Amino acid sequence: MEKQRTVYAGFDPTADSLHVGHLMAMMILRRFQQAGHRPIAVVGGATGMIGDPSGKSEERNLLSLDALQANIDGMEPQLRRFLDFDCGPNSAVLVNNYEWLGRFGYLEFLRDIGKHVPVNVMLAKDSVRGRLERDDVGLSYTEFSYMLMQAYDFVHLYERFGCELQVGGSDQWGNITAGIDLARRLSGVQLYGCTCPLLTRSDGTKMGKTESGAIWLSAERTSPYQFHQYWINLDDADVGRCLRFFTDLGQEEIDSLLAEHQSDPGRRAAQRRLAVELTRMVHGEDGLRSAERATEVFFGAEIRELDDAQLAGIFADVPSKELPRAKLDGGLSIIDALVLSGLCKNKSEARRIITQGGAYVNNRRMEGIETTLDQNHLAGETTMILRAGKKKYALLRFV
RNA sequence: GGGGGGUUUCCCGAGCGGUCAAAGGGGUCAGACUGUAAAUCUGAUGGACAUGUCCUUCGAAGGUUCGAAUCCUUCACCCCCCA
């Protein structure tokens with residue numbers, strides 16, 4: 001593409017933060033921008049009110065206008081980290097489709113848009129067929145109409161910005177082609193679509209999903225440390241693809257990283273670099289630093305010589321419990337400490353953990369269920385760091 | 001309407017009067033080995049105090065018995081077959 005083009009991707013505001021599943025679309029827009037083209041990020045203030053049935057097995061709950069706006073407000077700064085909104089002619093553009101869809105009257109929409117879309121085409125879309133074939137869930141007229149709105153978005157963006165290309169995950173194929181068809185019927189122009197496969201991990205699970213939920217881009221939902229850890233722990237088989245898709249590193253650099261990883265997998269140079277690049281991109285230098293500092297402590301030796309303030313920063317994610325200082329005076333049994341901290345749900349479990357060698361105070365293994373804790377076990381002025389197993393931490397603060 | 005089968009600890013699933021807190025598998029948790037991985041191996045897996053006892057648990061409620069997850073009665077739910 002020698003001349004500057006305009007390309008768009010849509011983001012539905014279903015939550016107040018984007019997550020790892022949105023990285024692909026954002027990176028594609030970013031690449032286009034780096035190549036001199038103009039990206040448009042559309043947040044679906046209107047479509048989000050309806051709910052996209054694509055890839056969804058069940059009818060969605062409707063969100064209130066206020067909730068949608070709050071979600072959009074949360075997503076916007078995240079998009080800004082990936083796209084440059086102030087760089088001259090190819091500055092990124094952020095628009096909300098409520099601007100144009102919200103104004104439509106029902107009759108007007110039916111006459112101007114609906115008239116040009118054959119129902120048999122709509123029915124043939126995978127997103128619709130999949131839902132109709134199931135007999136345990138239905139598909140409301142509302143969700144059925146979703147694709148018309150997204151189709152019109154494309155037409156609108158073409159008219160207003162000259163946008164000719166829409167990108168998205170492969171689940172968006174039906175919606176994108178609906179837009180292309182609509183543009184052709186309405187004004188005879190040829191628009192284009194491009195989808196990328198939904199990234200799955202080698203174990204078949206969706207990228208960015210863990211047992212405990214999605215990996216979010218907002219620090220409130222997923223701390224920089226947890227975000228960083230997600231990439232550190234990524235399977236070897238997935239790390240190459242992620243480096244290519246999600247970082248700005250060049251092909252040569254990625255190849256050499258992978259070669260390095262190949263020759264010494266134990267160092268996980270590739271995962272570490274991926275974690276660094278992505279954490280910096282999403283959380284900035286400060287976020288990256290705090291994640292790395294926490295990593296050092298979490299996977300380091302015995303914790304000592306740190307003050308409460310440092311500990312509070314490093315263990316920001318870790319649940320903590322305040323206890324009266326007096327508890328320590330007579331000595332606090334390690335069993336009680338584990339239960340009080342919430343690491344163990346009862347004393348039997350605490351005994352088990354200790355007996356099996358999984359109980360740590362300040363990263364130092366505690367042997368024997370008779371152990372009692374006192375002032376000497378504090379890591380800071382008032383803080384004691386308990387750990388059950390490899391990675392499960394809790395703080396006790398004696399005030 | 002008639003007949004039969006089922007409901008067990010997080011899940012699946014054995015147990016069919018005492019030796020049952022209940023086999024086995026899965027999951028989960030811990031440990032070892034590792035690369036904060038995978039695979040593998042070991043151990044743990046109702047609770048309370050304590051290393052042995054007590055308390056709660058086998059759909060629900062009653063009953064028989066020295067003693068029941070196991071037998072009987074009623075109820076609830078599920079499945080199958082014949083009408």
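Just so we're on the same page: letters track the sequence lines, and every chain starts at 1. Just so we're clear, the structure is a prediction, and the values are computed from it rather than from any experiment. Worth knowing before you read on, the calculation uses all heavy atoms, side chains too, and leaves out hydrogens, waters and symmetry mates.
Both A:N346 and A:Q229 lie close to RNA chain B; mapped to their nearest nucleotides by heavy-atom distance, the more 5′-ward contact belongs to A:Q229. Along RNA chain B, the nucleotide nearest A:R267 and the nucleotide nearest A:A359 are compared for position; the residue whose nucleotide lies closer to the 5' end is A:A359.
Of the C1' atoms belonging to B:rA22 and B:rU57, the separation is 10 Å, rounded to the nearest Å. With both ends at atom C1', the span from B:rU65 to B:rA69 equals 16 Å, rounded to whole Å. Spacing of C1' atoms, B:rG25 relative to B:rU9, comes out at 15 Å, to the nearest Å. For the C1' atom pair drawn from B:rC79 and B:rG31, the interatomic distance equals 44 Å after rounding to whole Å. Taking atom C1' in both B:rG3 and B:rC55, one finds a spacing of 43 Å when rounded to whole Å. For the P atoms, the distance from B:rA23 to B:rG47 is 15 Å, rounded to whole Å. Between B:rA60 and B:rU8, the two C1' atoms lie 15 Å apart (nearest whole Å). Comparing the P positions of B:rU70 and B:rC58 gives a spacing of 9 Å, expressed to the nearest Å.
Because its NZ or CZ atom is not both nearer than 6.0 Å to the ring centre of A:F32 and within 45° of the ring axis, A:R38 does not count as a cation-pi partner of that residue.
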*For side chain to side chain contact (heavy atoms under 4.5 Å, CB included), just list the numbers for A:F298 and A:I314, CA-CA rounded to whole Å, side-chain angles, deciding distance to a tenth of an Å, and then say yes or no.*
CA-CA 9 Å; A:F298 277 62; A:I314 292 166; 4.0 Å; yes
*Output, in order, the C-alpha distance, side-chain angles, deciding distance and verdict of side chain to side chain contact (heavy atoms under 4.5 Å, CB included) for A:W100 and A:L157.*
CA-CA 10 Å; A:W100 56 90; A:L157 292 170; 4.0 Å; yes
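Counting non-hydrogen atoms under 4.0 angstrom, A:G358 reaches the backbone sugars and phosphates but no base. At a threshold of 4.0 angstrom between heavy atoms, the contacts of A:A388 are confined to the sugar-phosphate backbone, with no base atom among them. Counting non-hydrogen atoms under 4.0 angstrom, A:I353 reaches the backbone sugars and phosphates but no base. At a threshold of 4.0 angstrom between heavy atoms, the contacts of A:T295 include nucleobase atoms, whether or not backbone atoms are also involved. Within 4.0 Å (heavy atoms only), A:N233 reaches at least one base atom of the nucleic acid.
Taking only side-chain nitrogens and oxygens, A:R351 never comes nearer than 4.0 Å to OP1 or OP2 of B:rA44. Residue A:K390 has no polar side-chain atom (N or O) positioned under 4.0 Å from OP1 or OP2 of B:rA37. Contact annotation: A:R352 does not reach the phosphate of B:rC29 (side-chain N/O to OP1 or OP2, under 4.0 Å).
Under the Watson-Crick and G-U wobble criteria, each requiring two contacts below 3.5 Å, nucleotide B:rU73 is paired to B:rA61. The partner of B:rG1 is B:rC82, by the rule that a Watson-Crick or G-U pair needs both atom distances under 3.5 Å. A 3.5 Å limit on both hydrogen-bonding distances identifies B:rC12 as the Watson-Crick or G-U partner of B:rG24. The nucleotide B:rU42 finds its pairing partner in B:rA30, both defining distances of the Watson-Crick or G-U wobble pair being shorter than 3.5 Å.
In the hydrophobic clustering of this structure, A:M26 groups with A:W231; members are Ile, Leu, Val, Met, Phe, Trp, Tyr whose side-chain heavy atoms approach within less than 4.5 Å, directly or through other members.
Of the candidate nucleotides B:rG35, B:rA32, B:rG47, B:rG47 has the atom nearest to the side chain of A:S348. Among the nucleotides B:rU36, B:rG47, B:rA44, the one closest to the side chain of A:Q356 is B:rA44. Distance from the side chain of A:Q271 is smallest to B:rG35 among B:rA37, B:rG35, B:rG47. The side chain of A:K347 lies closest to B:rA48 when the candidates are B:rA44, B:rA48, B:rG31. Residue A:Y360 places its side chain closer to B:rG31 than to any other of B:rG31, B:rU36, B:rG47.
Between A:F161 and A:T6, the closest heavy-atom pair is O-OG1, 3.6 Å. Minimum interatomic distance between A:L18 and A:Q78 (heavy atoms only, all atoms of both residues): N-OE1, 2.7 Å. Of all non-hydrogen atoms in A:I28 and A:C196, the two that sit nearest each other are CD1-SG, 3.6 Å.
Following rounding to the nearest Å, A:L338 (CG) and B:rA44 (C1') show an atom-to-atom distance of 16 Å. Atom pair A:E292:CD and B:rU36:C1' shows a separation of 15 Å (rounding to whole Å applied). Computed from coordinates, the A:H228 NE2 to B:rU36 P distance equals 14 Å when rounded to whole Å. Atom pair A:D235:CG and B:rU36:P shows a separation of 15 Å (rounding to whole Å applied). A straight line from CG of A:D238 to C1' of B:rA38 spans 12 Å, rounded to a whole angstrom.
Interface remark: the A:D264 side chain does not form any donor-acceptor pair with the B:rG35 base, using a distance-only criterion of under 3.5 Å. Side chain A:E349 to base B:rU45: no donor-acceptor pair is found below 3.5 Å.
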